[in-house]
Amino acid sequence: MSEELGLNSIKVEKKKSAEKEFGEYLKKSRETYSKEELNLMFKALDEQSKKLVKNQTLEDFKKYRELLKNFIKKCLDMGLDIFEEKNFSRFGRQKVLTAIKIIDEKVMELAQQFLSEHRDAIKILSLLDEIRGLIVDLYT
């Protein structure tokens, strides 16, 4: 008799609706967590950048490079979809890869500065600022 009244189909529809709502909630929670995690990673990267400008040691550079690598990896693992949604264009993904390539080139220039006998503090600061700008573009 319940089949005649369509109660089974109502139960199925309610179940699908609840699953969809839960899926949306879970997705929003992950996005919020990802954004918070990226913000924390960005702050740590920014602090290391300041330390690098102040001390200009190879050890600080290595730590900066490692933080940067982890940040970019996290952006690609978790934030790429967010980036593509905000910048809806057919070339969105290429922009991300181009930004990462430019960051890589700037890090190489920075490494050359640290390996050089004559470090240029202004050049180091300029490169760090350029990298910071590219990073901001990646996750906003």
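Along the sequence shown, the residues carry numbers beginning at 1.
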Query - Side chain proximity check, Leu127 to Val107, heavy atoms < 4.5 angstrom - result: no
Query raised in the report: Under a 4.5 Å cut-off applied to non-hydrogen side-chain atoms, are Phe42 and Arg132 in contact?
Result: yes
Got a sec, which residues hit side-chain contact (heavy atoms from CB on, under 4.5 Å) with [X], two or more places apart in sequence or on another chain?
{"X": "Ser126", "answer": "Glu130"}
{"X": "Glu105", "answer": "Lys101"}
{"X": "Asn55", "answer": "Lys51, Thr57, Asp60"}
{"X": "Lys69", "answer": "Glu66"}

Run the side chain to side chain donor-acceptor pair (under 3.5 Å) test against [X] and tell me which residues pass, sequence neighbours left out.
{"X": "Asp129", "value": "none"}
{"X": "Lys73", "value": "Asp77"}
{"X": "Asn70", "value": "none"}
{"X": "Gln56", "value": "none"}

Between [atom1] on residue [X] and [atom2] on residue [Y], distance to nearest 0.5 Å:
{"X": "Ile72", "Y": "Ile131", "atom1": "CD1", "atom2": "CD1", "result": "8.5 Å"}
{"X": "Leu52", "Y": "Lys50", "atom1": "CG", "atom2": "NZ", "result": "13.0 Å"}
{"X": "Ile100", "Y": "Cys75", "atom1": "CD1", "atom2": "SG", "result": "7.5 Å"}
{"X": "Met41", "Y": "Phe71", "atom1": "CE", "atom2": "CZ", "result": "7.0 Å"}

Query raised in the report: Who are the salt bridge (Lys or Arg N to Asp or Glu O under 4.0 Å) partners of Arg65, not counting sequence neighbours?
Result: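 Expected list: none.
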Query raised in the report: Do other residues, nucleotides or ligands put more than 12 heavy atoms under 6.0 Å from the CD1 atom of Ile122?
Result: no
Requested in this report: Please answer: with hydrophobic residues joined when any side-chain heavy atoms are less than 4.5 Å apart, are Leu68 and Leu40 in the same cluster?
Outcome: no
Query raised in the report: Hey, quick one: are Ile103 and Met108 part of the same hydrophobic cluster, counting side-chain heavy atoms closer than 4.5 Å, chains of contacts allowed?
Result: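 Per the 4.5 Å side-chain linkage, Ile103 and Met108 are not co-clustered.
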Query raised in the report: For the residue pair Leu45 and Leu67, what are the closest heavy atoms and their distance?
Result: CD1-CB, 3.6 Å
**Report entry** Qualifying salt bridge (charged side-chain N to carboxylate O under 4.0 Å, His left out) pairs, either residue in residues 114-123, two or more places apart
**Finding:** Glu109-Lys123
Query raised in the report: Any ring pair (Phe, Tyr, Trp, His ring centres under 6.0 Å) pairs touching residues 107-136, not counting sequence neighbours?
Result: Phe61-Phe114
